[in-house]
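Letters A, B, ... are given to chains in the order of the sequence lines, protein chains preceding strands, and every chain is numbered from 1. All values below were derived from every heavy atom in this structure, side-chain atoms included, with hydrogens, water molecules and symmetry-related copies excluded. Everything numeric in this text was worked out from a predicted model, so none of it was measured.
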Protein chains: 2
Amino acid sequence: MTQGRPMRADARRNYERLLEVAAEAFAEHGEKASLDDIAKRAGVGSGTLYRHFPNRQALLEAAYLDRIEALGARADELAKELPPGEALGEWLYELAVGTLEVRGMKALLGSAVTESSAAALTVCGNVVKGAVARLVEAAQTAGALRADVEPIEVLRLAHGVASAAELAGTGEREIRRYLGLLHEGLRSG
Amino acid sequence: MTQGRPMRADARRNYERLLEVAAEAFAEHGEKASLDDIAKRAGVGSGTLYRHFPNRQALLEAAYLDRIEALGARADELAKELPPGEALGEWLYELAVGTLEVRGMKALLGSAVTESSAAALTVCGNVVKGAVARLVEAAQTAGALRADVEPIEVLRLAHGVASAAELAGTGEREIRRYLGLLHEGLRSG
DNA sequence: GCGTTAAGCGGGGACTGTCTCCGTTTAGTG
DNA sequence: CACTAAACGGAGACAGTCCCCGCTTAACGC
C-alpha cells in the first residue's frame, strides 16, 4: 500500500510489541490506559510510541484491528448459516458482547459510528459499516426488517443498547434481552 | 436537612458563583471542562471549589439540579395531560433532548443509571428514577407497555438511544425517530 | 568485515489538568 | 473592638499527554 521501504527490523519489533502490550493494557484499564505506561511496559520510550501511533485512537484501532476483521468475516459466515433476520440479530449480539468484553473496543466502535469526517476514514469503521450494510440489506429484502432504516442507524442503536447494558453492569444476558427489544421495534410493521 | 449552621455569607456567595460558572463551562466544553479553570473564572482558588464540591460529579450534579428537578415535575404534568403510554414516550423524549442540549448532563444521567452503589445515592439519580418509575408503572397497568421491563431498564435504553443519536451528530429529529423504534419494541406483545 | 548514513530510538521537559495542604484572611458574635 | 472558627487561595505534588532533538544502530554498498 503506502509501503515505500519496508520497516527496519527493530522498528517492526517495537511496533508489534507495542500492539501486544496495548491490547493487554486497554483490556485491563479500559480505553484510557496510560500511553506512557504502555510504552514503558513495552520497553520503549514514549517517543517511539507516538511516532508509530500519533494518538490514542490510532493505537486503539491498530490493537484491535484483527478482532474487528474477524467480526467482518463473521458477518458473512452468519449470512450463510442463518436466515437474514436472524443473521443480523446474532451478529449484532456478538458485536455488542465483544464491545463489552474487550473494554476499550467500545470507544473504538463509537468513533467508527460518528458523523465526524475524521472518523469516517478509519479502517475499522469501514469494515464494520460494510458488514452491517450487507446484513441489513439482506434482512430488508427478505422482509424481516423495516425498509426505512439505514444500516448505520442500526449500528448506532446497537451500540447505544450495548452501552445501556454496560451501565447495568451486567453480562450477556442483559444484552440479549435489550437487543431483543430493539429488534422487536425494527421488524417490518 | 443536614444544615447545622447556615453558611457564612462569603461562602454562600462563592458557592453560587461557582454553580453559575460551572453550568456555563459544562455547557460550553462538555462534561470535562477544566475544574481549575472554573474556579479561576469564578474568582476563587481551586481549594474553594474542591471544598464545596469534592469531585467533578458533585459539581455536575449541583449545577444541573434545578434542571433535573424540573424534569421530575414535568413527569407528573405529562401524566395528567396525556394517556399513560404517550406520557412516558413524551417524557423520555424531553429527557433525551435535554441530555443532548445540555452537554454534560449526559454524564450525569449516565451515572445515575449505573448499577454502582456509589451512584445510587445521588439526588439526581433518585429524582429521575422516581419519575420514570411512576410513568412506567402507569403505562404498564394501562396495558400500553409490556409488563416484563423494569423502569430502570427503560431509562437505560432511552439513555442508550440518546447516545446513539448524539453519535449521529444530529438534532431532535433523530432522537424522536430512534425513540419511536424503541417504543415499538416496548409495546406489550 | 567495515564505513556511512538515514531511520529509528528514548527520555527529558513543556504543558495541562486534578486535588491537597496549610498559612492567612475575614465574617460573625458578644 | 477583639476573638475565633469558618472559609479562603494558591503553591505544589502528582499524573498524563505529547514533542523535540542528540544519540544509536540496522542496512546496504564496497
For B:Asp10, enumerate each residue passing the side-chain hydrogen bond (donor to acceptor under 3.5 Å, both in side chains) test, keeping only those at least two apart in sequence or located in another chain.
->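 Expected list: B:Arg8.
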Looking at B:Val102, B:Leu108, B:Leu60, which one forms a side chain to side chain contact (heavy atoms under 4.5 Å, CB included) with B:Phe26?
->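 Testing each of B:Val102, B:Leu108, B:Leu60 against B:Phe26, the sole residue satisfying side chain to side chain contact (heavy atoms under 4.5 Å, CB included) is B:Leu60.
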Would you call B:Arg41-B:Asp37 a salt bridge at under 4.0 Å N-O?
->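 Looking at B:Arg41 and B:Asp37, the cut-off is met.
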Got a salt bridge between B:Glu166 and A:Arg156, using NZ or NE/NH1/NH2 to carboxylate O under 4.0 Å?
->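 Salt bridge absent between B:Glu166 and A:Arg156.
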Taking any atom under 4.0 angstrom from a heavy atom of chain B, which nucleotides of DNA chain C are the first and last to qualify, 5' to 3'?
->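 Endpoints of the contacted stretch of DNA chain C: C:dT18 to C:dG28.
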Let me know the distance between CZ of B:Phe53 and C1' of D:dA7, rounded to the nearest Å.
->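 It is 14 Å, rounded to the nearest whole Å.
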What integer distance in Å separates B:Arg17:CZ from D:dC8:P?
->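 To the nearest whole Å, that distance equals 14 Å.
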Spell out protein contact along nucleotides 17-30 of chain D as letters: B when the base is contacted, S when just the sugar-phosphate is, - when no protein heavy atom is under 4.0 Å; keep the 5' to 3' order.
-> BBBB----BSS---
Look at atom CZ of B:Arg177 and say whether more than 12 heavy atoms of other residues, nucleotides or ligands are closer to it than 6.0 Å.
->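 Yes, the 6.0 Å shell around CZ holds more than 12 heavy atoms from other groups.
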Under 4.0 angstrom between B:His52 side-chain N/O and D:dC8 OP1 or OP2 |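 It does, given that an N or O in the side chain of B:His52 lies less than 4.0 Å from OP1 or OP2 of D:dC8.
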Report the distance from atom CG of A:Leu181 to atom CG of B:Leu181, rounding to the nearest 0.5 Å.
->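 It is 13.0 Å, given to the nearest 0.5 Å.
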pair A:Trp91-A:Asp76: side-chain heavy atoms closer than 4.5 Å =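 Counting from C-beta outward, A:Trp91 and A:Asp76 never come under 4.5 Å.
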Do A:Ile38 and A:Leu18 come within less than 4.5 Å of each other through their side chains, counting heavy atoms only?
->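 Of all side-chain heavy-atom pairs linking A:Leu18 with A:Ile38, at least one is under 4.5 Å.
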